[in-house]
Each structure stands twice: as C-alpha cells, then as structure tokens.
Amino acid sequence: MKRIYLDYAATTPTSPEVVKVMLPYFTEAFGNPSSLYSYGQEAKGSIEEARVKVAELIGARSEELVFTSGGTEADNFAIKGVAFANESRGNHIITSSVEHHAVIETCKFLERRGFKVTYLSVDGNGLVDPDDVRKAIADKTILISVMHANNEMGTIEPIAEIGKIAREAGVYFHTDAVQTVGHIPVNVNELRVDLLSMSAHKFYGPNGVGALYIRKGTKLISCMHGGEQERRRRASTENVPGIVGFGKATELTQQEISEEAERLTCLRGRLVKGLLERIDHTRLNGHPIMRLPNNVNVSVDYVEGESMILNLDLEGICASTGSACSSSSLEPSHVLLAMGLSHELAHGSLRFSLGKWTTEEEIERVLDVLPRIVAKLRAMSPLLKSHG
Ligand code: PLP
C-alpha cells in the first residue's frame with residue numbers, strides 16, 4: 001500500500017538535495033569550526049555561508065542569527081534570555097493561550113521563578129486581538145511573545161500590528177515562526193519583531209537544527225554556557241551538517257515559496273470543501289482565510305480523533321489529532337479549548353497538513369476513505385447514541 005503522508009506540520013522529509021549537500025560534512029569536511037587549521041576553518045566558512053542564506057530568507061543581517069538545536073531551543077532562548085537579562089526593568093510577560101508548548105512551558109517555568117505572565121485569550125477563529133495586547137501592557141512588561149501561525153489550527157496572527165504596539169511601548173517582541181518560515185514570506189522588519197524562532201525540519205531541512213533571530217541591540221542572556229561559539233551567545237560545537245542542510249533548505253524554499261503556497265492553498269480548499277460536504281456535522285477549525293496554506297483542521301462530531309487517526313493509518317494515511325507533541329496525551333488540545341471548542345469537539349479534531357509531495361490524487365483518496373471511516377465509527381459511537 002502506498003503511504004499518504006499528510007502530517008508535514010509535525011515534520012517534513014529532508015529534501016534529497018539537502019541530504020546531498022550535508023553528506024560530505026559527516027565524513028570529509030568534518031572539522032571542528034573552532035579549530036585553527038584549514039579543516040576547521042572550512043567548516044566555519046560553510047556555517048557562515050548558511051547563515052547568510054537563512055538571514056536573507058527573513059530579511060535579517062547574518063550577525064543577528066544564532067543557530068540552535070531547533071525551534072524549542074530558540075523559543076526557550078528568546079523568552080528566558082530576555083526575561084533574565086531584563087529582570088531589573090520588570091517581570092511581566094505577555095503571551096497567548098494558543099502558543100506551542102515550547103513557549104507555554106517556558107512561561108510556566110518563569111512563573112515559578114517569580115515572573116508574571118498574561119495569557120491572552122483568542123477569538124473563535126484563534127486570532128489574538130492586538131487591542132488586548134495593548135491593554136495588557138503594564139509598567140513592568142518586558143516581553144511579548146505571540147506565534148506567527150498556529151501549528152494545530154493554522155491561524156496566522158496579526159504579528160505586524162502587534163509589533164507596532166510593542167515598539168511604541170518599548171517592549172521586546174518575540175514570535176515563534178516555526179510553522180511559517182519556508183512556507184509563507186517572513187520578514188523581520190515588516191513584522192516588526194525583535195526575536196524570531198525557526199526550525200529547519202518544518203521545511204525540508206534536517207531535524208535538530210533551528211535558529212533564533214535577535215535584532216541588533218536586544219538585551220538577552222545566553223542560555224547555554226561553555227565555549228565561545230555563536231559569538232558567545234550559544235556554546236557547543238556547531239552542528240555543521242545540520243546547519244549546511246538548513247542553508248540549502250532555505251535556498252530551495254526561496255525559489256518555490258510563492259508557487260508552492262498557491263498550489264497548497266488550492267489543495268487545501270479542495271480538501272476542506274470535500275470534507276465539509278461529504279461528512280455531516282463537521283466544522284473547520286481556525287480562520288477560514290488567514291491560515292497556513294497547508295493546514296486543514298476539522299472537528300467531526302461524535303467521533304474521537306484518535307479513532308480516526310488509527311483507522312486512517314490502516315488505510316496508509318498519516319494525519320494527526322492535536323499537535324504531534326501532545327497527541328500521545330489524552331488531554332484535549334489546549335489550542336482548540338482556548339478557541340472555545342467543547343471537550344468533545346476538541347477530542348474529535350483531525351489535522352491534515354499538506355506539503356511538497358502532496359498530490360490531488362492523495363486528497364481525493366482521503367475524501368474517499370474518511371467519510372467511510374466516520375460512518376463506521378459513528379455507527380459504534382456511544383457519543384452519538386447519547387445525543388439521540
Ligand atoms: N513551535 C511551533 C509552532 C512548532 O510547531 C514546533 C514543532 O512542532 C516547535 C515550536 C518546536 O520545534 P522543534 O521541533 O524544532 O523543537
């Protein structure tokens with residue numbers, strides 16, 4: 001059976017072109033970039049080339065980028081780094097209730113250490129209201145962190161507007177752009193952000209490498225102490241093959257980003273329309289228009305998300321319920337609950353995320369298979385019986 005992978009928001013396969021440029025860095029050009037001999041200096045040169053490419057993708061200067069082990073580390077670095085460096089100015093942080101766990105758990109950690117955090121609510125489409133951000137700013141606010149697009153329900157937040165408010169108030173602004181970089185145009189100046197997190201494995205680069213953009217002049221402390229790598233901002237021997245692969249993935253995405261976003265928006269539309277037409281009592285979660293081109297998230301009444309995922313898997317289709325990171329937990333998604341969905345609807349959610357290798361035939365196959373799965377599950381559902 002041919003597998004259909006529709007979980008690109010969880011991770012993407014690494015492009016063959018990316019793997020190809022990475023390989024020599026494991027065996028031939030393996031030098032430590034801190035070594036003075038040419039082996040080391042060549043590796044250092046490759047890192048700097050990748051840095052220029054990644055910076056260019058987001059409209060930044062290369063010296064404003066620090067490579068990390070991924071999006072999670074970039075989020076931790078941004079939030080803890082700013083919080084601990086600016087403690088004397090204030091201890092208040094503003095974020096949203098739909099952030100990724102990498103942001104929410106970091107904020108909770110800081111709360112246990114005396115920081116105060118405001119978790120802004122969102123509307124039924126998952127949007128943060130910039131006016132709520134404005135109202136939440138107080139004398140002691142040192143940081144605002146609102147994600148660019150949500151990994152579960154795909155809503156794109158009004159980051160540029162929030163950026164304007166943050167700048168007027170003199171408060172640092174961070175955005176988690178792990179789901180947008182490589183998929184839609186991202187420019188740190190247009191978004192008016194001071195810090196931005198990204199991750200290579202979400203756009204056909206390797207796992208275990210990401211970056212934090214830090215606007216020149218932003219006061220933050222390092223979270224990783226040791227050697228003097230990354231201009232003393234992040235100690236540890238660099239992941240040279242990963243960084244080179246990140247650079248290549250950036251180059252590839254830059255060539256295809258608009259065309260691919262358009263193609264995926266069409267496929268997305270087809271999938272949403274088909275699902276809503278063919279399965280009754282189904283709703284689209286997230287904003288209908290301001291959403292990631294590749295994200296479809298629906299709630300299906302009277303059926304558990306987990307049961308749909310397992311049945312889809314038997315048909316060779318990979319999708320997810322909640323986020324990849326929380327789908328092993330029985331708790332319903334905090335994102336869907338924050339948008340006002342009931343526990344039942346949140347439990348009945350299904351996320352399809354499309355990507356480079358998604359075809360129309362694959363979408364048609366989902367539209368053929370899922371209504372049958374839902375009908376079968378509903379026939380057995382105690383939830384449906386209890387609703388008469
Ligand atoms: N932030 C968002 C919005 C994500 O979707 C993810 C991964 O799913 C992360 C952060 C974590 O990124 P990484 O897996 O590179 O640590």
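Remember, it's a predicted structure, so these values are computed and weren't measured experimentally. Atoms within each ligand, like the ligands themselves, are counted from 1 in listed order. Just the heavy atoms: all of them, side chains too, but no hydrogens, waters or symmetry mates, feed the values below. The first residue in the sequence is number 1, and the count goes up from there.
- Proximity to Met147 (heavy-atom distance under 4.0 Å) selects the following atoms of ligand 1: 3 (C).
- The pair Glu105-Lys108 meets the salt-bridge criterion, since a charged nitrogen lies less than 4.0 angstrom from a carboxylate oxygen.
- For the pair Ser199 (side chain) and Val178 (backbone), a donor-acceptor distance under 3.5 Å is absent.
- The atoms of ligand 1 that sit less than 4.0 Å from any heavy atom of Asp75 are 1 (N), 10 (C).
- Partner of Arg351 under the side chain to side chain donor-acceptor pair (under 3.5 Å) criterion, out of Asn295, Asp7, Asn285, Asn297: Asp7 alone.
- Residue Thr72 approaches ligand 1 through these ligand atoms, each under 4.0 Å from one of its heavy atoms: 11 (C), 12 (O), 13 (P), 16 (O).
- Between the side chain of Arg215 and the backbone N or O of Val188 there is at least one donor-acceptor pair closer than 3.5 Å.
- Residue contacts with ligand 1: Glu73 is excluded, as none of its non-hydrogen atoms falls under 4.0 Å.
- Compare Ala102, Ala200, Ser199 by their heavy atoms: the one nearest to atom 15 (O) of ligand 1 is in Ser199.
- Between Glu56 and Lys53 there is no salt bridge, since no side-chain nitrogen of the basic residue lies less than 4.0 Å from a carboxylate oxygen of the acidic one.
- When non-hydrogen atoms are compared, ligand 1 lies under 4.0 Å from the side chain of Val178 (C-beta onward) but not from its backbone.
- Ligand 1 has no atom lying under 4.0 Å from any heavy atom of Glu99.
- Between Arg233 and Glu230, no side-chain nitrogen of the basic residue sits less than 4.0 Å from a carboxylate oxygen of the acidic one, so the salt-bridge criterion is not met.
- Applying the 4.0 Å criterion to heavy atoms of Gly70 picks out, from ligand 1, the atoms 15 (O).
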